[in-house]
Amino acid sequence: MNTEPLTLALWQTPYAATPAEALQGLDDEAAQARAQGAQLLVCPEMGLTGYAIGAERVQALAEPADGALAQAVAGTAQRHGIAVVYGYPEHHPQGKPFNAVQVIGPDGARLMNYRKTHLYGGLDHAQFSAGDTAPQVFEWRGWRLGLLICYDVEFPETVRLLALQGVDAVLVPTANMAAFDEVQNLLVPARACENRVFVAYANACGHEPGMHYGGLSTVAGPEGGVLSRAGRDGELLFATLTREALDGARRSSPWSARRPDLYGPLAV
Ligand SMILES: [NH3+]CCCCC(=O)O
């Protein structure tokens with residue numbers, strides 16, 4: 001097993017006015033993140049297009065997982081030698097686009113695509129179709145990684161599903177409003193602690209029409225400690241994940257103590 005640490009960078013940023021501006025910003029941040037030792041860069045939910053942009057614009061900007069947006073991100077990943085986790089509207093052949101995130105490796109390969117399964121309020125439901133595929137684990141550089149998007153992480157079942165698949169770190173692009181700081185302050189550390197995993201929550205900041213994003217991007221360790229937390233404004237946040245931290249947390253609270261024989265009702 002690869003025991004090399006994994007250094008993440010989380011790009012906390014206001015939304016750009018256009019995808020072209022967002023892609024340029026991503027390229028600049030990827031260069032900075034790599035120069036400061038990060039191997040993987042996590043961006044906010046719908047980071048390439050904006051989040052509260054209305055159903056028509058979401059539809060107009062939606063692309064397949066291997067479309068022009070993915071090709072541009074692959075170029076950035078290869079140019080700077082860094083994996084990129086980014087949010088975008090994914091084309092749906094029969095309906096509203098999906099609110100999706102995709103991981104592209106430093107060689108430009110597409111590693112995982114995930115569609116937000118828990119839509120939040122009127123805005124999400126007006127703009128997107130819910131994903132119907134449960135989050136899955138993928139392996140990269142010997143680390144077992146999983147993806148969630150914003151509201152997904154507020155349901156304990158989603159991180160537990162990934163933990164039962166052996167995930168080491170859950171990467172969560174998000175667009176959490178300033179009124180919901182409890183997610184960064186309470187839920188993200190709790191999800192990490194109760195599942196003995198790392199959770200990296202990369203939020204937007206600034207404003208969109210009718211929206212104020214709270215920033216406070218957070219990386220929580222497998223015993224619930226906050227490894228790194230951003231402020232309210234734009235910044236590049238770093239955290240290094242180690243196998244020792246995972247192994248130590250899992251020794252101190254072994255999952256062998258679980259009683260799935262008693263949990264039946266929770267499975268519905
Ligand atoms: N914490 C509630 C806000 C969730 C916003 C979103 O899922 O984009």
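Numbers here are sequence positions counted from 1. Just so it is clear, the structure is predicted and the values come from calculations on it, not from any experiment. All ligand and atom numbering here is 1-based and tracks the order in the structure.
- Partners of Ala83 according to the side chain to side chain contact (heavy atoms under 4.5 Å, CB included) rule, which considers only residues two or more places apart in sequence or in another chain, are Leu40, Pro106, Trp140.
- The salt bridge (charged side-chain N to carboxylate O under 4.0 Å, His left out) contacts involving residues 9-34 comprise Asp27-Arg79, where partners must be two or more places apart or lie in separate chains.
- Proximity of a side-chain donor or acceptor of Gln71 to a complementary backbone N or O of Asp66 within less than 3.5 Å is detected.
- Side-chain contact, Asn113 with Glu90: a donor N or O sits under 3.5 Å from an acceptor N or O.
- Gln59 is linked by a side-chain hydrogen bond (donor to acceptor under 3.5 Å, both in side chains) to nothing, counting only residues two or more places apart in sequence or in another chain.
- The salt bridge (Lys or Arg N to Asp or Glu O under 4.0 Å) with Lys116 is formed by just one residue from the set Asp124, Asp152, Asp132; it is Asp124.
- Contact residues of ligand 1 (protein heavy atom closer than 4.0 angstrom to a ligand atom; sorted by chain and number): Glu45, Tyr51, Lys116, Tyr120, Cys150, Tyr151, Glu154, Ala175, Asn176, Met177, Phe180, Val183.
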